[in-house]
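Counting begins at 1 with the first residue of the sequence.
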Amino acid sequence: MERDLARPFELSTGPLFQHALLRVGDARWLWYRRVHHLVMDGFGHALLARRTAEVYTALATGEDPVPSPFGRFADLVAEDLRYRSGEQYARDRAHWHRVLDGCRGAATPAGRGAPASRTFLRRTARLPDGTAAGIRELAAALRATWRDVLIAAQALYTARASGAADVVIGVPLTGRTGTSALRVPGMAANVVPLRLSVCPEGTFAELTRQVVLGIRAARPHQRYRSEDLRRELGLLGGGRALLGPLVDIMPFAYGLSFAGAPSTPHNLSAGPVEDLTVHVHADGSGLRVDHDANPARYGPDELAAHQTRLSALLERLVHSDPGAPLAACRIATGPELHLVTEEFNDTARKLPATTLIGAVEAQVLRTPHAPALTGAGATLSYAELDTAANQLARHLVAEGLGPGRLAALALPRSPRLVVALLAVLKAGGACLPLDPGHPPDRLAHLLKDCAPHCLLTDSDSSAVLPETGTPRLLLDRIDVREQPRVPPARALTPRHPAYALHTSGSTGRPEGVVVAHRAADNRLRWMQDAFPIGPGDRVLQKSPLGFDVLVGELLWPLRTGATLVLTGPEEHLDPAALARAIRELDVTVCHFVPSQLREFLAEPAARDCRGLRHVFSSGEALTRRCVRDVHRLLPGARLHHLYGPTEAADVTRHSCPPGAEGPVPLGRPVWNTRLYVLDAGLGPCPPGVAGELFLAGAQLADGYLARPALTATRFLADPYGPPGSRMYRTGDLARWRPKGELDFLARTDDQVTLHGVRLEPGEIEDCLRAHRSVAAACVVLREDRPGDRRLTAYVTAREGTAPDPGALRAHTASALPAALVPSAFVVLDALPLGPSGKADRTALPAPATTAGQGGRAPRTPAEETLTRLFAETLGVHRVEPEADFFLLGGTSLLAARLMSRAREALGTDTPLGALFRAPTPAGLAAWITGGSGEQSATAHGTTEGEPPMTGPSGVS
């Protein structure tokens with residue numbers, strides 16, 4: 001029978017049915033029937049089986065069979081044709097379009113999409129008699145049928161397993177509304193969509209009532225084919241489905257008697273399975289459940305887990321209050337709950353109560369004469385660096401800095417920055433790094449919002465900083481040489497704040513995150529245990545101010561006896577310069593954002609960086625291709641992928657072994673860290689089920705600076721940790737792997753990450769709406785070419801105005817950091833809206849890049865080569881010689897790619913900074929061949945050492 005089921009029917013020649021009578025014992029027979037679903041549905045099967053038993057019984061008892069009660073199949077076809085041309089057809093169509101308005105595809109428990117499969121996996125279970133009886137009792141109490149309760153339970157399970165509140169369950173109905181159709185064996189059945197809202201605050205009683213009313217409303221419209229509906233709603237292909245799991249209640253009476261011989265039905269197949277079908281058979285007083293699954297979407301273990309969880313959920317439902325909120329209904333079984341909350345989070349490690357600076361000072365005593373820092377042409381020993389920091393710290397204490405007070409740092413990457421940061425910590429204060437290259441208005445807002453005790457800067461940086469009334473200490477002007485060379489006394493504890501960093505804010509303003517010493521200290525201690533470094537190691541510091549990576553890059557080596565190596569002003573943007581610095585300065589440890597790591601590995605000189613031992617990656621998803629390239633080009637380096645937002649930096653780790661396949665996971669929790677994947681009701685999700693990721697434990701930030709309301713919404717009480725503990729809501733959608741590693745799936749909101757910078761589109765949109773010509777704005781991160789991700793802004797005009805993309809670029813560049821300035825600006829008549837009335841980001845058109853058509857032709861071979869390289873890098877057909885790379889949507893990473901190709905094509909060693917100063921093919925060609933490029937540089941508005949304000953230049 002299994003072999004026969006696996007053999008497809010030949011539709012063009014037939015036959016489309018198969019019968020066999022198999023004798024398997026002296027008094028036991030199997031009657032096997034297989035019919036194509038085009039010919040027969042379940043109701044038709046029941047008619048045929050009943051008639052067969054009737055005829056058999058009559059013949060066996062010597063009687064004449066009664067005349068056939070069947071109607072003609074032609075009548076069924078004719079009735080369907082009349083229906084499709086009548087008014088009821090139009091009413092049914094309108095009904096289903098109303099029901100499914102705004103539905104963009106049904107949610108399923110499957111973790112992956114795949115087409116419908118002709119074969120299927122089946123797993124059968126029988127509900128305990130007590131559970132089956134409890135379901136019937138619950139149904140009676142809710143004034144529903146047991147079938148309604150089972151459908152509601154499957155909807156609840158689907159919502160929890162998929163993370164969706166909008167659930168569409170498939171419900172098979174006979175499709176037979178006329179008297180003649182009830183007498184014809186044939187195919188009339190249909191699967192109708194039952195759309196249900198499953199919210200944590202709702203109750204199971206309310207959900208069951210939705211099912212009752214939904215099926216009642218569906219029955220008069222059940223003849224409208226789901227195939228037609230799916231085609232009309234555009235839910236064909238692309239992994240989008242009209243229906244989620246099907247719940248097929250088998251109502252047909254197959255328990256027939258053949259002349260007194262009893263029979264037992266066995267359903268072997270109900271046809272192809274697109275996702276998951278749950279067949280429920282009433283088996284005496286009990287219930288038998290068959291789960292049929294698409295093998296391309298579910299493996300045998302996954303199917304078994306889903307069936308076990310559904311059975312456990314039904315058991316809990318019949319013993320729970322149906323009027324209680326659904327938030328309490330979890331789908332994880334008891335063993336799974338223990339696995340994901342306890343075993344996966346078994347990370348406790350006792351650590352001494354120390355501060356960040358204490359470990360640095362202890363290292364000074366161990367290796368006073370070892371090199372601690374090198375950069376900007378200078379090398380400082382541990383003792384020299386400590387002395388300089390001690391003397392400045394004493395000056396800061398005299399100025400009133402101490403525990404609990406912020407000191408802002410606005411300095412370029414230099415030994416002076418390192419001394420200042422250590423001095424603030426030695427004084428007991430907390431560091432507030434500020435990038436002097438950010439727009440003055442933004443810096444003014446940050447200084448006013450945070451109200452630091454003082455601002456540490458130098459004369460050059462001070463000249464571009466806004467005046468806010470914050471006391472300034474110009475480190476190149478003050479003389480601290482008379483201060484004692486030992487650290488000041490400080491009443492500093494691990495609970496005091498160590499630093500504050502700002503992230504992009506969805507409210508339109510940056511959000512300051514305050515991190516305590518104990519959190520940062522835990523982070524550096526587990527890193528040293530997992531990836532030991534020490535004397536002889538040289539750690540590259542290249543991250544801009546304001547990145548949490550900065551803390552690890554600066555302080556980790558100084559706690560372990562390694563040497564901190566500072567890059568030059570532009571080297572972190574230029575892969576060629578970075579490779580040269582790594583090679584010449586014998587760097588052994590380095591960190592990259594994955595997108596910059598990809599550009600670095602594309603630089604031919606990267607393969608010469610054979611001294612690297614550890615390469616760290618964080619800030620965005622790491623691709624498997626990038627992992628393979630690291631192992632191929634840097635065979636001596638170990639690659640480690642870290643994850644954690646500023647609110648809980650580097651709380652997972654995954655070391656990438658050679659030869660692994662599939663997506664790179666986020667990894668496992670680190671010391672004293674707990675990770676939870678929770679459903680909408682904050683219940684733990686079992687392995688394989690997606691949910692929102694929450695972080696808890698020692699590395700959690702204290703909260704948002706002077707934002708108690710925002711802190712309360714993101715830092716919640718931890719129901720699974722010690723009393724009084726908290727957890728941070730990341731907004732990341734994640735999923736446990738069976739062995740305790742996490743996969744990142746998506747965001748639950750509009751937040752995006754670009755080149756390691758966390759961006760809230762709302763902050764950029766608020767900035768755009770502040771422009772006098774903009775009525776509405778929407779910002780999205782597009783990837784119209786593989787690997788080329790760019791921010792694109794869409795705006796509509798205020799009445800009587802015409803938004804100019806150039807003016808909008810200048811406006812955003814004057815108010816936002818370079819990483820938040822869109823690469824393209826598109827003016828629309830109106831923003832496309834979704835069913836909720838919000839902008840439909842998926843319906844926004846790709847920007848049409850204007851690359852300067854109709855300009856002059858290239859005049860030199862260098863111009864001709866560069867116009868071609870500009871066009872290929874930007875993904876446009878043609879670029880004229882006077883077209884500005886950055887105004888065409890170029891970013892700093894694309895700039896690095898362009899200059900790498902230009903150096904190879906033209907045989908030069910032109911630095912990346914040349915493109916910032918001469919951003920046109922003509923200007924760059926003049927620069928390369930000996931010209932100044934001043935005209936193009938002035939037109940773009942950049943100066944030496946300054947990154948462009950048109951793309952995400954502040955990458956690490």
Side-chain angles (χ1 to χ4, degrees), residues 357 373 375-378 380 385 388-402 405-481 483 497-502 510 512 541-547 550-551 553-555 564 566-570 572 705 814 817-818 943-947 949 953-954:
I357 197 62
L373 180 152
L380 297 178
L385 178 61
N390 286 338
Q391 291 177 317
L392 179 56
R394 285 186 168 271
H395 181 83
L396 295 177
V397 170
E399 294 288 335
L401 185 63
R405 289 187 168 181
L406 284 173
L409 304 177
L411 293 161
R413 187 186 299 110
S414 63
R416 183 176 288 150
L417 170 63
V418 181
V419 170
L421 185 143
L422 294 177
V424 170
L425 296 176
K426 284 174 175 285
C431 300
L432 175 66
L434 301 176
D435 191 333
H438 281 183
D441 288 348
R442 186 180 183 85
L443 291 174
H445 168 76
L446 296 181
L447 288 169
K448 291 176 182 177
D449 187 58
C450 298
H453 179 73
C454 59
L455 170 60
L456 279 61
T457 184
D458 57 22
S459 299
D460 291 341
S461 299
S462 181
V464 299
L465 295 176
E467 184 55 57
T468 61
T470 304
R472 299 189 185 192
L473 298 177
L474 303 182
L475 300 187
D476 56 340
R477 300 279 183 87
I478 63 174
D479 188 353
V480 298
R481 288 176 294 180
Q483 294 283 357
Y499 62 87
L501 298 175
H502 280 85
Q541 199 288 301
K542 62 182 186 62
S543 299
L545 288 177
F547 277 73
L550 181 72
V551 178
E553 287 182 343
L554 279 177
L555 295 178
L564 177 64
L566 304 179
T567 60
E570 292 182 356
H572 72 289
L705 185 64
S814 69
T943 58
E944 185 168 354
E946 180 185 2
M949 298 303 292
S953 58

Problem set entry | Heavy-atom pair of closest approach, residues R481 and Q391 | O-NE2, 3.3 Å

Problem set entry | Least distance between heavy atoms, P412 atom then S461 atom | CD-OG, 3.5 Å

For this session: Specify the closest pair of heavy atoms between P497 and A430, including all atoms of both residues, with the distance to one decimal.
Result: O-CB, 3.4 Å

For this session: Answer yes if the side chains of Q541 and R413 hold a donor-acceptor pair under 3.5 Å, and no otherwise.
Result: yes

Problem set entry | Test applied, side-chain contact (heavy atoms from CB on, under 4.5 Å); reference residue, R416; option that passes from L411, L421, L456 | L411

Exercise. Do the non-hydrogen side-chain atoms of P440 and L465 ever get within less than 4.5 Å of each other?
Worked result: no

Exercise. Are any of the side-chain heavy atoms of T457 and L474 separated by less than 4.5 Å?
Worked result: yes

For this session: Search all heavy atoms of G400 against all heavy atoms of H453 and return the closest pair with its distance.
Result: C-NE2, 3.3 Å

Exercise. Considering only heavy atoms from C-beta outward, does the side chain of L434 approach that of L443 to under 4.5 Å?
Worked result: yes

Exercise. Does the side chain of S814 come within less than 4.5 Å of D441's, by heavy atoms?
Worked result: no

Exercise. Using a distance-only test with no angle check, is there a side-chain donor-acceptor pair under 3.5 angstrom linking S459 and R477?
Worked result: yes

Exercise. When rounded to the nearest 0.5 angstrom, what is the spacing between CG in L473 and CG in D458?
Worked result: 12.0 Å

Exercise. Nearest 0.5 Å, what's the CD-CG distance between E553 and L566?
Worked result: 10.0 Å

Exercise. Looking at A423 and A393, what are the two nearest heavy atoms and their distance?
Worked result: O-CB, 3.4 Å

Exercise. In Å, rounded to the nearest 0.5 Å, how long is the span from OG of S462 to CZ of R472?
Worked result: 4.0 Å

Problem set entry | Side chains of E399 and P471 in contact at under 4.5 Å (non-hydrogen atoms) | no

Exercise. Do K426 and L392 touch side chain to side chain, with heavy atoms closer than 4.5 Å?
Worked result: no

Problem set entry | L425 CG to L555 CG distance, which is reported to the nearest 0.5 Å | 6.5 Å

Seminar exercise, completed: Sequence neighbours excluded, the answer for salt bridge (charged side-chain N to carboxylate O under 4.0 Å, His left out) partners of D449 is R509

Problem set entry | Spacing of C450 atom SG and L406 atom CG [to the nearest 0.5 Å] | 6.5 Å

Exercise. Taking all atoms of both residues into account, what is the closest heavy-atom pair of L447 and P452, and its distance?
Worked result: O-CD, 3.3 Å

Seminar exercise, completed: Rounded to the nearest 0.5 angstrom, the OG1-CG distance for T468 and L455 is 7.0 Å

